[in-house]
Amino acid sequence: MKKPNFLAKRLILGLICLFVVYPPAYSDQSKEILAVRKITFEGLIRTRMSAVKHILNVREGDPWTDETRDLVERRLNNYGTFQNISLKENADGDFVDLLIHLEDRWTLFPVPIVTTGSGSSYGLGLFERNFFGTQKTVGMIALIKEKKPRFFVLFSDPHFLSWDWELTLIGGYRDDIITDFEEEQVSAGTLVRYRLDDFVSFGGGYSYNNVKHKGGELTPVDGKSHALSLDFLYNRLYYDEDYVDGLS
């Protein structure tokens with residue numbers, strides 16, 4: 001019988017070392033998976049509890065694991081409208097009760113706006129990210145350009161119907177001067193987005209524009225336009241664990 005050659009011996013020895021250093025992973029079937037029995041929130045003044053449950057997307061009766069806990073912590077920190085976040089677990093048999101402490105951040109932001117280019121414009125934007133405690137966003141921008149007004153409004157529901165769906169509505173009006181003619185434009189648009197998970201989503205939108213020219217040496221043809229759009233979004237959010245206070 002021929003002895004294994006030197007290369008074969010090295011290969012067998014390498015496989016043995018690999019097995020010892022990196023043993024195969026076995027699923028721990030004996031590890032008990034708890035079910036969420038009760039979720040209690042404290043510390044909130046403005047935000048509705050139903051809105052927070054939409055953000056977490058975890059309900060009574062759902063399984064509770066270390067991965068679920070990490071997911072809940074990430075969502076609360078990434079959302080940006082809460083502070084002094086803490087989460088406590090109380091296990092009781094096959095169930096766990098959750099006590100989540102959250103405090104509302106200031107979510108009304110005025111934004112001064114100044115633009116340059118084909119005529120400077122200036123104005124103010126106002127955005128509220130927690131409209132009536134629902135975690136919906138509303139916004140308005142008002143600008144003046146060469147004594148002509150521009151208005152834009154925005155509404156966004158990050159969990160329209162359910163956690164998976166997001167709805168955005170945009171509208172605008174402007175009475176503008178472009179080179180040597182005056183133009184009035186009304187626009188509207190909507191975007192619906194579906195989340196596959198926390199990071200990946202697909203969106204589809206529709207936009208409408210109605211342009212009316214008031215006069216001038218060069219007056220293009222008035223008209224309406226419609227457009228459809230599709231997009232894919234990958235948004236990898238994360239949080240710094242050192243920033244989270246009181247997690248236990």
Side-chain angles (χ1 to χ4, degrees), residues 25 27-28 31 33-36 39 41 44 47-83 85-87 89 96 98 100 102 104-105 107 109 111 125 127-139 141 152-172 187-208 226-245 247:
S27 60
D28 186 4
K31 185 176 181 180
I33 298 178
L34 303 178
V36 178
I39 304 176
F41 298 96
L44 294 174
T47 303
R48 302 178 185 179
M49 294 182 183
S50 58
V52 183
K53 288 185 176 181
H54 270 301
I55 297 172
L56 300 183
N57 199 32
V58 175
R59 301 174 178 84
E60 289 81 357
D62 288 351
W64 184 257
T65 63
D66 292 339
E67 291 76 13
T68 308
R69 176 192 173 89
D70 293 341
L71 185 65
V72 166
E73 293 172 0
R74 185 179 70 239
R75 287 174 178 170
L76 291 175
N77 283 277
N78 285 342
Y79 213 74
T81 58
F82 305 116
Q83 61 184 354
I85 301 168
S86 66
L87 188 154
E89 304 164 273
V96 61
L98 306 178
I100 301 177
L102 303 169
D104 295 305
R105 286 183 182 272
T107 54
F109 297 98
V111 180
F127 299 91
E128 168 58 54
R129 291 194 59 196
N130 190 10
F131 187 61
F132 286 115
T134 61
Q135 294 294 317
K136 297 177 176 60
T137 298
V138 295
I141 297 176
F152 303 93
V153 293
L154 165 72
F155 171 82
S156 178
D157 187 346
H159 303 290
F160 175 63
L161 297 179
S162 69
W163 179 88
D164 302 306
W165 294 94
E166 178 181 351
L167 173 68
T168 301
L169 301 174
I170 303 173
S187 60
T190 181
L191 172 67
V192 177
R193 185 169 297 282
Y194 179 77
R195 296 183 180 89
L196 296 180
D197 57 29
D198 280 39
F199 309 117
V200 180
S201 62
F202 289 91
Y206 165 79
S207 60
Y208 162 82
H226 307 266
L228 295 175
S229 63
L230 293 174
D231 70 79
F232 166 82
L233 176 64
Y234 177 76
N235 186 13
R236 181 73 182 184
L237 295 175
Y238 66 93
Y239 68 92
D240 185 354
E241 293 182 357
D242 295 335
Y243 175 78
V244 184
D245 296 328
L247 293 175

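By convention here, the first residue in the shown sequence is residue 1.
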Would you indicate whether the side-chain heavy atoms of I100 and L56 approach each other to under 4.5 Å? yes
Among T47, T107, T137, which residue meets the side-chain hydrogen bond (donor to acceptor under 3.5 Å, both in side chains) test with N130? T47
If you compare all heavy atoms of P158 against all heavy atoms of Y79, which two are closest, and at what distance to 0.1 Å? CG-OH, 2.8 Å
How long is the span from the CG atom in L87 to the CD atom in E73, to the nearest 0.5 Å? 6.0 Å
Identify the two heavy atoms, one from A51 and one from T134, that lie closest to each other, and give their separation to 0.1 Å. CB-O, 3.7 Å
Minimal heavy-atom distance between W165 and R195, with the atoms involved, is O-NH1, 3.9 Å
Measuring from atom CG of L76 to atom CD1 of I55, what distance do you get when rounded to the nearest 0.5 angstrom? 7.5 Å
Can you tell me how far CD1 of I85 sits from CZ of R75, rounded to the nearest 0.5 angstrom? 14.0 Å
What do the steps show when you test L196 against F202 for side-chain contact (heavy atoms from CB on, under 4.5 Å), and what is the final call? CA-CA 8 Å; L196 296 180; F202 289 91; 3.2 Å; yes
Side-chain contact test, heavy atoms from C-beta onward, threshold under 4.5 Å: evaluate it for L191 versus E166 and give yes or no. no
Looking at CZ of R59 and CH2 of W163, how far apart are the two atoms once the value is rounded to the nearest 0.5 Å? 10.5 Å
Under the side-chain contact (heavy atoms from CB on, under 4.5 Å) criterion, do L34 and E89 qualify, and how do the steps go? CA-CA 11 Å; L34 303 178; E89 304 164 273; over 6 Å; no
If you compare all heavy atoms of Q83 against all heavy atoms of D104, which two are closest, and at what distance to 0.1 Å? NE2-O, 3.4 Å
Of all heavy-atom pairs between I39 and E60, which one has the smallest distance, and what is that distance? N-OE2, 3.6 Å
How many angstroms lie between OG in S50 and NE2 in H159, if you round to the nearest 0.5 Å? 11.5 Å
Might you point out which heavy atoms bring V200 and D197 nearest each other, and give the distance in Å? N-OD1, 2.8 Å
So OH of Y234 and OG of S201: to nearest 0.5 Å the spacing works out to 12.0 Å
Looking only at the side chains, is there a donor atom on one of Q135 and T81 sitting less than 3.5 Å from an acceptor on the other? yes
Using 30° and 60° as the class limits, which term best fits the ring planes of Y206 and H226: parallel, tilted or perpendicular? parallel
